[in-house]
Amino acid sequence: MDLLSDLNEPQRQAVMHMEGPLLVLAGAGSGKTRVITRRVAHLISQGVAPWQVLAITFTNKAAHEMVDRIANLGARGVMACTFHSLCARLLREFAEEAGVSPNYSIYDQADQRRVARLALEQAKLPSGSLTAAQVLHTISRAKMQLQTAADFEQNAATSPMRQMAKIYSEYEKLLGAANALDFDDLLLRVAQLMGRRPDIRRLLGERYRFVLIDEYQDTNHAQYVIAHGIALEHENICATGDPDQSIYSWRGARIDNILEFEHDYTNATVVRLEENYRSTPQILAAADRLISYNRLRKAKGLFTQRPSGADVWVVCTHDEHAEAAEVVRRARELVARGMRHDDIAVFYRLNSLSRVMEDAFRRTGVPYRIARGVAFYNRKEIKDVLAYLKLMVNPRDDLACERIINVPSRGIGSTTLARLRDFAAGRGIGLLEAASQGRMIGELGKAAANKVAAFAQLVKQLAEGPLAPVRTVLESVLAATGMEQELRAIGGEEHEELANVAELVTAAGEFDRENPSATLPDFLHLVSLVSDVDRFEGSTGAVTLMTLHAAKGLEFPAVFIVGCEEGILPFRRMGEEETCDREEERRLCFVGMTRAMDHLTLTRARYRGLRGSRQRQAASPFLAELDGPQVRHVELRPPVEVQPIRQESGVDSELGELVEETPPTFDEGFYDVKAPAASVAAAPAGRDSDSADVAQSDGSVPHLPPGRRVRHPMFGTGQIVSTGRSGAYTKAVIDFDQYGRKTIILQFTRLELLA
DNA sequence: GGTGTACTCATTTTT
DNA sequence: TGAGTACACC
């Protein structure tokens, strides 16, 4: 396969680059993935061994895709993984040198929170001033900065910082006792190892002669240190990314890493991919205008050769329900014009905004799916099963033990558990070990001691068997614990929990097949670092709803960004201060916009129910920043209640008196188009609303010439007498068949054009 | 030891 | 508004 012929010049330059540091500044939609995969294939075609190439990605999914794509180019055996999975593997390989035991457990966020809570308790702070979330955040930040508990304590100048140091150190003690590492530890330990053992660092540098790091703008300090440690001697480091798409600083990502690459490697080759293959000029122009307000960036000259497309729309509605209705209406219109449902995506800043959208889609029967969902390995039943496996591998994993000591129910309650915990703490042993001791009778009473001992015995028996193949182990756990039966009892034969457990068994079977020599610990480390089973959804036939963060890296022919309001899109916490990082919020908006290929609509609501109370919402300042000649604004009127029949009006009509000024029932699509030249528009039905007609300067509307037959949603059919401007509105005088001559304000009414 | 109810407190999320 | 927690009660 020819790796170069269909590339543009900068792309080719990046692909053909061999030795030495390379920075690829890849604008949105500039073919970055293609460049990376081609470059790897090219390296290999030039004689580099596949196992000497290490490609590091942001997510597991990206890693899998990269392996697949590179394989499709004929290069197999390349290692693509995340920083975390790389480190988890290295810590098993160099367990002794790193000072960890190879059967360590990996604690996920929920585990970490529980540990943090315990640490808070044990640190016995004067008041409950710190929350577990704050503690975790601080500890996580420290670890990313490669600060150990001891380092942290040394730097703690203020009293609250000293408190934090105490909690950090308690937290570490708890993790240590459980033989567990959290996500940040994986990176921290490897970084420490490489610092302490130059020989190992060098060995890794020789092993991975070529290092590629994708999404470099979202790497943190620990990752930076690891990457540069590996590449220290050969400097064959290729970083790809886009500072304008750095949206994870709240997770410790440092945009400086990419901004300073040329400073780190003065001999770096820098390639800019500025041709966008994804979006129409309209979308690109608006996105570019927006992001140009950022100071912290490397200016790019994004351009596209795509032909002109539809304008970008900014829609303002009365409230979130009207907003949702309008998004659904437009989505349906796109589908009516031949687009598929899975070509359409709706993005929002806050998960809580999805509910109204969801309702609107459900009510109208438009298929949709939410891209968040509870991650598979976060489901309760899955975590329960996995906790058994974890405890078998790592008997000191107290969190796993606590989780399942009464699952399925064995009559071991919180009192027993508390006593057990005291007993274990007093002796410095793990919960499981404490449970196994007959002496517990004195502490717990005979009945409880027996229950607890039976549990310990069960786990022991399971752990004594062979630990592979994993599928078999899993099945024996399910059988021996009675979990399967319990699930069946709860959910019925065909219920979700059972199906999920069955899926876990299948996943284990696949793991066994793919990794014939691997055992349970390998499996557990793998699943701990994977958020979801890789079910490749492919074409789902549904509109996709997701957060702006989740949208990174994707593209859709049509994109809606909802909730473009001050406080939501530049997100701001309640206490008004400038807590938000304006530039990062702007990047987030930019990322969302640049996902769109052909159609982009940003919406906002004037009133929105937000955590209980309704508020008047101001427009996002970003809407003004992105505004320009390719951007059209629409304001939808609030729904107006239909007047009840008023007999006393004396009008002898079943409909009651029809007041001319009363706007008709409003359900969807009444436009008040603020077109540039102070002209207004009617939106003839049956036509693409994206091309609503603008009134001429004399007030006439092109599609509503005198004599034209139209249908009004309330007055029925009629004939245009004339059109004209009156103040801010464009009006049409219509002779209705039923009701005679009326004046209609076009902004309030959607007229259907009749043949 | 399990269940009901008052209370609080609100991003983004992959590893 | 609604999810998750703490605590009281049965």
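Letters A, B, ... are given to chains in the order of the sequence lines, protein chains preceding strands, and every chain is numbered from 1.
Along DNA chain C, read 5' to 3', the first and last nucleotides having any atom under 4.0 Å from a heavy atom of chain A are C:dT1 to C:dT5.
Between the CZ atom of A:Phe83 and the P atom of B:dT14 there is a distance of 18 Å, given to the nearest Å. B:dT13 atom P lies 11 Å from atom CD of A:Gln109, rounded to whole Å. In this structure, the NE2 atom of A:His221 is 22 Å from the P atom of B:dT15, given to the nearest Å. In this entry the distance linking CE of A:Met144 with P of B:dT15 reads 14 Å, nearest Å.
Taking each heavy atom of A:Asn179 and A:Asn394 in turn, the nearest pair found is O-ND2, 3.1 Å.
Against the 90° criterion about 0, the sugar-base torsion of B:dT11 places it in the syn range.
Among the heavy atoms of the strands, none lies under 4.0 Å from A:Arg117. Among the heavy atoms of the strands, none lies under 4.0 Å from A:Asp184. When heavy atoms are screened at a 4.0 angstrom cut-off, A:Gly612 is found touching base atoms of the nucleic acid. Counting non-hydrogen atoms under 4.0 angstrom, A:Arg349 reaches a base of the nucleic acid. The residue A:Leu588 sits apart from the nucleic acid: no heavy atom pair falls under 4.0 Å.
OP1 or OP2 of B:dG2 lies within a sub-4.0 Å distance of a side-chain N or O belonging to A:Ser409. Between A:Asn60 and B:dT14 there is no side-chain N or O to OP1 or OP2 distance below 4.0 Å.
Between the side chain of A:Ser528 and the backbone N or O of A:Leu524 there is at least one donor-acceptor pair closer than 3.5 Å.
For A:Phe455, the ring pair (Phe, Tyr, Trp, His ring centres under 6.0 Å) criterion is met by no residue, not counting sequence neighbours.
Distance from the side chain of A:Arg611 is smallest for B:dA10 among the nucleotides B:dT12, B:dT14, B:dA10. Nearest nucleotide to the side chain of A:Glu585, out of B:dA10, B:dT11, B:dT14: B:dT11.
Stacking between A:Phe183 and B:dT14 is absent: the aromatic ring centre is not both under 5.5 angstrom from the base six-membered ring centre and within 30 degrees in plane angle.
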